Amino acid sequence: MGTFQQFLDSQKLSPAVLLRRSRQLEAHTEEDRVLKRKRSTRRRDKEQQQKPYAELGLGKPRSGRGLSEQQLNAAREDKPLSPRVRSKLVRAVNALLTKAGATAVDAKALFGDVPARVGPTVKKAAS
């Protein structure tokens, strides 16, 4: 049993509830749709292409995709996960903990010494 699974057991968090909460947190809202449209317009506009998104007040929209069951199972087995998946897990767990009145935790408390998965793009950039 991995570190993440032990944490879920100690906090009495159900994997099904965790998946559902992640799906709710990552779902697109109307605000996200507006941001995507504005960012797309900025990429097409020659004058605005020189300005960064932050200067135009355009934040990043949500991904629209919650955790999958395979990703959650990999976390429970202490397999390396990408930083994006790890952050989704931390957000979902913290949402459940704060709703229950507990304090939020960081990734180190959830995953212990399990390293983040390094993809081919990071290796390519390093060489």
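Here, residue 1 is the first one in the sequence, and each next residue gets the next number. All values reported here derive from a predicted model rather than from experimental measurement.
Residues forming a salt bridge (Lys or Arg N to Asp or Glu O under 4.0 Å) with Arg23 (at least two apart in sequence, or on another chain): none. Scored by the side chain to side chain contact (heavy atoms under 4.5 Å, CB included) test, Glu69 finds Leu19, Asn73 as partners (sequence neighbours excluded).
Annotation: the span from Arg86 atom CZ to Phe4 atom CZ amounts to 10.5 Å, rounded to 0.5 Å. Note that CG of Leu96 is 15.0 Å distant from NZ of Lys12, once rounded to the nearest 0.5 Å. How far CG of Leu18 is from CD of Gln11: 12.0 Å, rounded to the nearest 0.5 Å. The CG atom of Leu110 sits 12.0 Å away from atom CD of Gln6, with the distance rounded to the nearest 0.5 Å.
A donor-acceptor pair under 3.5 Å is absent between the side-chain atoms of Asp78 and the main chain of Phe111, judged by distance alone. At distances below 3.5 Å, at least one donor-acceptor pair connects side-chain atoms of Asn94 with backbone N or O atoms of Val105. A distance-only check finds a donor-acceptor pair linking the side chain of Ser22 to the backbone of Leu67 [under 3.5 Å]. Distance alone, capped at 3.5 Å, places no donor-acceptor pair between the Lys79 side chain and the Gln71 backbone.
In terms of heavy atoms, Leu25 sits closest to Ala92 at CD1-CA, 3.7 Å. Counting all heavy atoms, side chain and backbone alike, Ala27 lies closest to Asp32 at O-OD2, 3.8 Å. Between Arg117 and Pro83 the shortest heavy-atom distance is O-CD, 3.9 Å. Nearest approach of Gly66 to Lys88, heavy atoms of both residues: O-NZ, 4.2 Å. For the residue pair Leu81 and Ala75, the shortest heavy atom distance occurs at CD1-CB, 3.5 Å. Between Thr103 and Leu97, the closest heavy-atom pair is O-CD1, 3.8 Å.
More than 12 heavy atoms of other shown residues, nucleotides or ligands fall within 6.0 angstrom of atom CZ in Arg62. In the displayed structure, Gln24 atom CD is contacted under 6.0 Å by more than 12 heavy atoms of other residues, nucleotides or ligands.
Hydrophobic clustering (side-chain heavy atoms under 4.5 Å, transitive across Ile, Leu, Val, Met, Phe, Trp, Tyr) keeps Leu56 apart from Val34.
Using a 4.5 Å cut-off on side-chain heavy atoms (C-beta onward), Leu13 and Val93 make contact.
The salt bridge (charged side-chain N to carboxylate O under 4.0 Å, His left out) analysis of residues 33-50, with sequence neighbours excluded, yields no pairs.
With salt bridges taken as basic N to acidic carboxylate O contacts below 4.0 Å, one links Glu26 and Arg91.
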